[in-house]
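Heads up: the structure comes next, in structure tokens.
The sequence lines fix the lettering, A, B, ..., with proteins before strands; numbering per chain opens at 1.
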Amino acid sequence: MDKLPKNFIQQQIIDDLAEGKNGGRVHTRFPPEPNGYLHIGHAKSICLNFGTARKFGGLTNLRFDDTNPTKEETEYVDSIQEDVHWLGFDWDDRLYYASDYFDKLYEFAVSLIKSGKAYVDFQNQETISDQKGVPTRPGMDSPYRNTSPGENLEIFVKMKDGFYNEGDCVLRAKIDMSSPNMHMRDPLMYRILKQPHHRTDNKWCIYPMYDYAHGQCDYWEGITHSICTLEFEVHRPLYDWFVDELKDSDYRPRQIEFSRLNVSYTVMSKRRLLQLVKENFVNGWDDPRMPTICGLRRRGYTPESMRAFSDMVGITKVDGVTDVAVLEYCIREDLNKRAQRVMGVLDPLKVVITNYTEGQIEEIDAINNPEDESMGKRKVPFSRELYIEREDFMENPTNKFYRLSPGREVRLRYSYFIKCTEVIKNEQNEVIELQCTYDPETKGGNSPDGRKVKATLHWVAVAQAVKAEVRLYDRLFTDPDPAGHKDKDLLEFLNPDSLKVLTECYVEPFVKNAKPLDNFQFERLGYFNIDPDSTAGHMVFNRTVSLKDGYKK
RNA sequence: UGUCCUGUGGUGUAAUUGGCAACACGUCUGAUUCUGGAUCAGAAGAGUUCAGGUUCGAAACCUGACAGGACAACCA
């Protein structure tokens, strides 16, 4: 984590340091608005902010950007802190809220009014908007633009004291109505919202706008590098304008923008994620199909894999879409080294070993993780009646299929070679059972005569297996860039098969005392974890990601 | 008919700041293997959006096009 790949932001920090700016300090902040759950794009920003500061021996604050009480809730504040911690980062005692600065922001507004740089505008929203003009044409001055500072101050105090109603008036900065940058055309600083705030309750009825609050909060916290996403690029002159009015030393925070993360086959905007939750297209913010941090956590992703992903995608100003395969690579790579192996059958087909003694049970040695010897071994029960994966049998095998078929010998992992002698079907001509013979000489999985088999199958013993529910997830959308079509609604691309619930699955008894979120590899199938819905009597697994499959039909 | 930003293999990034385009994912071979996984070895795939210019030399600098994005919430 300490040696992130070099990127343009680090280069700028190096340059700033070389110029001796800010006394050699590096101080960043992660400033979410508590209006939703964090997603993997935020994870990238968290890793960038905390990781960059750490690299330069600096600090990172967590700050809730809570300037709009109509959208913000304590539920989100709590989940955000949980997610940042889970990712492996800590802000020590530097937890801040924009609302901590409401008094100071008010005082600063008063000083701007006194120096004639802010005024109260009583026009309605539509009129103000019309006067702003359009990007290609200059705007017009408001008739309230030249109200005297004294009068403005009097009005602003009344605004704060609740004398006016929502929409009656706003406080605006007096900058430049003909600026080519729309954000400089006398931007709003305060609006009236007669709404309780999740932290300040009813103390305020005027609330600062983001643009008026952010740079000042950065300044008061001693932030040196205020990293945000590209859409704030055009806000930077305004950020600088307020900081210039405020600063009283050489220190100044600097805003740097990078491109937000997009991942193929999913969406990354809080608004759209909220829609998926509210309209029940998913089962909540932590639905394992969601790109939210809590969703990915529930799905089985580890903090390590998410940090690795964050490092891999890099930091630039280029708009693009990262292939979800990169994310999947990161979790496979991590879990391959760490996950406990176990055998589980998702679509069971019964196998009876006709020459195996009825009632006999053998405890077979199995390796817990071939990538990590220190994880040791476990015992797996073997008996006459087993389940194998239905797709591991083909009655009339194609030439690329080398698993079980009539007359063919394969290995059951860690146990014996078996040969299929008979296929039993029901009236619908469906295969319901296989009769096989085993070779007692092949115990442990190798034949003393050196004969080879082409396939090794996973299996579980019928009587000892734990019955489980397994939830298989597929991409939420069928289009690589579902939000990227101007003419089409995102919902048109919802994948109807993004969730498949299997209720007749069997897993070896080893998993019995596992806890929610524990990761496993089901051999030959993929990585699975225990869903929090799981109970002692009803185990529920999520498939985090399948194994790479080299078998092409 | 504005301002700002961005254009490098399929994808994401890199190129020590002007020195014959590198890495990762993905894809495809082969070896190996009691996971069709992992591992190992290798391959294909861009001449850097285009056109000019500066230079011994340009992905990088300049000019001009073209393409994409952001900006006209009392959202952040």
Side chain of [X], heavy atoms from C-beta onward: which of [options] has the nearest atom to it?
{"X": "A/K317", "options": "B/C75, B/G36, B/U6", "result": "B/U6"}
{"X": "A/R413", "options": "B/C74, B/G26, B/U35", "result": "B/U35"}
{"X": "A/E33", "options": "B/C74, B/A38, B/A76", "result": "B/A76"}
{"X": "A/Y402", "options": "B/G36, B/C74, B/U6", "result": "B/G36"}

What is the distance from [atom1] of [X] to [atom2] of [N], rounded to the nearest Å?
{"X": "A/R236", "N": "B/U6", "atom1": "CZ", "atom2": "C1'", "result": "14 Å"}
{"X": "A/M312", "N": "B/G12", "atom1": "CE", "atom2": "P", "result": "13 Å"}
{"X": "A/F258", "N": "B/U13", "atom1": "CZ", "atom2": "P", "result": "11 Å"}
{"X": "A/E391", "N": "B/U35", "atom1": "CD", "atom2": "P", "result": "17 Å"}
{"X": "A/R338", "N": "B/A38", "atom1": "CZ", "atom2": "C1'", "result": "16 Å"}
{"X": "A/I192", "N": "B/C75", "atom1": "CD1", "atom2": "P", "result": "12 Å"}
{"X": "A/I256", "N": "B/C4", "atom1": "CD1", "atom2": "C1'", "result": "17 Å"}
{"X": "A/I9", "N": "B/U13", "atom1": "CD1", "atom2": "P", "result": "12 Å"}

Problem set entry | No-hydrogen, no-angle side-chain donor-acceptor test under 3.5 Å, A/R475 and A/T266 |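 No.
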Exercise. Between A/R341 and A/H458, is any side-chain donor less than 3.5 angstrom from a side-chain acceptor?
Worked result: no
For this session: Using a 4.0 Å heavy-atom cut-off across all strands, classify A/Y329 as base, sugar-phosphate, or nothing.
Result: sugar-phosphate
For this session: Could you check whether A/Q521 gets within reach of a base, just the sugar-phosphate, or nothing at all, counting any heavy atom under 4.0 Å?
Result: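 Base, at least one base heavy atom under 4.0 Å.
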For this session: Check if the side chain of A/R403 and the base of B/G36 share a donor-acceptor pair of N or O atoms closer than 3.5 Å.
Result: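 Checked by distance alone, the answer is yes.
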For this session: Kindly say whether, by distance alone, the side chain of A/E371 makes a donor-acceptor pair under 3.5 Å with the base of B/G37?
Result: yes
Is any side-chain nitrogen or oxygen of [X] closer than 4.0 Å to OP1 or OP2 of [N]?
{"X": "A/R341", "N": "B/U35", "answer": "no"}
{"X": "A/R191", "N": "B/A76", "answer": "yes"}
{"X": "A/T67", "N": "B/A76", "answer": "yes"}

Exercise. Closer to the 5' end of RNA chain B via nearest nucleotide, is it A/K454 or A/D211?
Worked result: A/K454
Exercise. Toward the 5' end of RNA chain B, which comes first, A/T316 or A/N446, by nearest nucleotide?
Worked result: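 Nearest-nucleotide comparison on RNA chain B picks A/T316.
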For [Y] together with [X], are the ring centres under 6.0 Å from each other?
{"X": "A/Y438", "Y": "A/Y416", "answer": "yes"}
{"X": "A/H198", "Y": "A/Y76", "answer": "no"}
{"X": "A/F108", "Y": "A/Y219", "answer": "no"}

Problem set entry | N-O pairing of A/R413 and A/E523 below 4.0 Å |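 Looking at A/R413 and A/E523, the cut-off is met.
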For this session: Please measure how far the P atom in B/A21 lies from the corresponding atom in B/A67, and state the result in whole Å.
Result: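 So the two P atoms sit 30 Å from each other.
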For this session: For nucleotides B/U3 and B/A72, find the distance between their C1' atoms and express it as a whole number of Å.
Result: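 B/U3 and B/A72 have their C1' atoms separated by 12 Å.
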For this session: Would you sort out whether A/Y301 and A/F309 count as a ring-ring contact (aromatic ring centres under 6.0 Å, His included), showing the intermediate values?
Result: CA-CA 11 Å; A/Y301 277 77; A/F309 175 70; 8.7 Å; no
Exercise. Checking A/K55 side chain against A/Q10 main chain: does a donor-acceptor pair fall under 3.5 Å?
Worked result: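 Not a single qualifying donor-acceptor pair exists.
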Exercise. More than 12 foreign heavy atoms under 6.0 Å from CZ of A/F8: is that the case here?
Worked result: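 Yes, because the 6.0 Å sphere around CZ of A/F8 holds more than 12 heavy atoms from other groups.
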Problem set entry | Chi-angle category of B/U17 [syn within 90° of 0, anti beyond] |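 Classified syn.
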Problem set entry | Base versus backbone protein contacts along nucleotides 65-73 of chain B [heavy-atom cut-off under 4.0 Å; B, S, -] | ----SSSBS
